[in-house]
Amino acid sequence: MQIYISGIHTDVGKTHVSAAFCSSFNYAYFKLIQAGTPKDCDIVQNFDSNIEVLGEGICLKTPASPHIAKLQENLHYKGLDIVLPTQDNVVIELAGGLFSPIDEHVCMLDYMQHYKRPTILVGTYYLGAINHIILSIKALRQCGIKILCLVMNGVRDLYIDKFIYDYTGINIVHLDTFDTTNFTQSILNFKYAMQPYMI
């Protein structure tokens, strides 16, 4: 199975979730589009060197929205032409949020709708997160994309979790903050919590 790791926003922890998931379930890792450094492929391998990294669909040097980086680097590609890996059991990490541009014409969500795969939606706790999460869930549902679960990063807020679950019915998995020193231990609870959503 191939799974999208999508986000409600930029910098919500998609790469951390990707690393935790790949390490837990022996999945390979693929970054749809990389903009700037450090590369997310390198971050994933720093957490677990045994994760098979398949590289990026498009790699941009400029740390900016891909549609801007593409123009600045004078690259010519169409977002919907980015080729996905052919093998099974691959995590495909997207960039930014659902409506972050891939090129001048399409967003991450357009790509997801064109190449249907289930997704794990990633969020974290901040003022406005409930709004961003519910809008993201509605957009995914409208496009007919299966949501395996919502993974929330960081210090848990049960009030936020309860409201989101009661409002959307989407199951929530929590992932504690970790770094390279406590990665293996920190993802044990995540692996156990994710088991019911593996299809």
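For the single chain, residues carry numbers from 1 onward in sequence order.
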Mind checking whether [X] and [Y] sit in one hydrophobic cluster, side chains of I, L, V, M, F, W, Y counted as touching below 4.5 Å?
| X | Y | result |
| --- | --- | --- |
| Ile8 | Tyr165 | yes |
| Phe183 | Leu188 | no |
| Leu135 | Leu98 | no |
| Ile102 | Leu71 | no |
| Tyr167 | Leu140 | yes |

Looking at every non-hydrogen atom in both residues, tell me the closest pair between [X] and [Y] and how far apart they are.
| X | Y | value |
| --- | --- | --- |
| Lys31 | Ile33 | CE-O, 3.1 Å |
| Ser6 | Leu94 | CB-CD1, 3.9 Å |
| Ile172 | Met152 | CG2-CG, 3.8 Å |
| Gly96 | Lys14 | O-NZ, 3.1 Å |
| Val17 | Val151 | CG2-CG1, 3.7 Å |
| Val173 | Cys149 | CG2-SG, 4.0 Å |

Any heavy-atom pair between the side chains of [Y] and [X] that's under 4.5 Å?
| X | Y | value |
| --- | --- | --- |
| Ile3 | Ile92 | no |
| Asp40 | Gln34 | yes |
| Glu73 | Lys61 | yes |
| Thr181 | Phe178 | no |
| Leu84 | Val90 | no |
| Leu60 | Tyr77 | yes |
| Thr37 | Pro63 | no |

In Å, rounded to the nearest 0.5 Å, how long is the span from [atom1] of [X] to [atom2] of [Y]?
| X | Y | atom1 | atom2 | value |
| --- | --- | --- | --- | --- |
| Gln142 | Leu109 | CD | CG | 8.5 Å |
| Asp81 | Ile58 | CG | CD1 | 9.0 Å |
| Leu75 | Cys59 | CG | SG | 10.0 Å |
| Arg141 | Lys146 | CZ | NZ | 10.5 Å |
| Cys107 | Gln113 | SG | CD | 11.5 Å |

For [X], does the [atom1] atom sit with more than 12 other heavy atoms under 6.0 Å from it, leaving out its own atoms?
| X | atom1 | value |
| --- | --- | --- |
| Lys162 | NZ | no |
| Tyr126 | OH | yes |
| Asn26 | CG | no |
| Asn131 | CG | yes |

Side chain of [X], backbone of [Y]: donor and acceptor closer than 3.5 Å?
| X | Y | result |
| --- | --- | --- |
| Tyr111 | Ile82 | yes |
| Asn89 | Met1 | yes |
| Ser186 | Asn182 | yes |
| Asp103 | His67 | no |
| Thr119 | Ile147 | no |
| Gln2 | Pro85 | yes |
| Asn153 | Asp176 | no |
| Glu93 | Tyr4 | no |

After noting the C-alpha distance and the side-chain angles of Ile134 and Thr168, does the key distance pass the side-chain contact (heavy atoms from CB on, under 4.5 Å) rule? CA-CA 7 Å; Ile134 292 173; Thr168 67; 4.0 Å; yes
Between Leu150 and Val122, does the side-chain contact (heavy atoms from CB on, under 4.5 Å) criterion hold? Intermediate values first, please. CA-CA 6 Å; Leu150 169 67; Val122 179; over 6 Å; no
Distance-only side-chain donor-acceptor flag, Asp48 / Ser23, under 3.5 Å: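 Per modelled atom types, Asp48 and Ser23 side chains form a pair under 3.5 Å.
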Charged N-O contact under 4.0 Å between Asp161 and Arg156: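 Counted as a salt bridge, because a side-chain N and a carboxylate O are separated by less than 4.0 Å.
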Tyr125 vs His174 aromatic rings, parallel, tilted or perpendicular, using cut-offs 30° and 60°?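 Aromatic pair Tyr125/His174 classed tilted.
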Run Leu80 and His105 through side-chain contact (heavy atoms from CB on, under 4.5 Å) and show every step you take. CA-CA 10 Å; Leu80 294 182; His105 306 290; over 6 Å; no
Can Tyr159 and Phe163 be said to form a ring pair (Phe, Tyr, Trp, His ring centres under 6.0 Å), step by step? CA-CA 6 Å; Tyr159 295 105; Phe163 185 89; over 10 Å; no
Taking the six-membered ring where the residue is Trp, are the ring centres of Phe21 and Tyr29 under 6.0 Å apart?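 Ring centres of Tyr29 and Phe21 not closer than 6.0 Å.
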Can you confirm if the aromatic rings of Phe47 and His16 lie within a centre distance of less than 6.0 Å?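 When the ring centroids of His16 and Phe47 are compared, they turn out to be within the sub-6.0 Å range.
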Quick one, Ile164 with Ile170, criterion side-chain contact (heavy atoms from CB on, under 4.5 Å). Give me CA distance, side-chain angles, the key distance, then yes/no. CA-CA 8 Å; Ile164 292 167; Ile170 295 293; 5.6 Å; no
Pairing residues for Glu56 by the side chain to side chain donor-acceptor pair (under 3.5 Å) criterion, not counting sequence neighbours: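 Per chain and number, Glu56 pairs via side chain to side chain donor-acceptor pair (under 3.5 Å) with Lys39.
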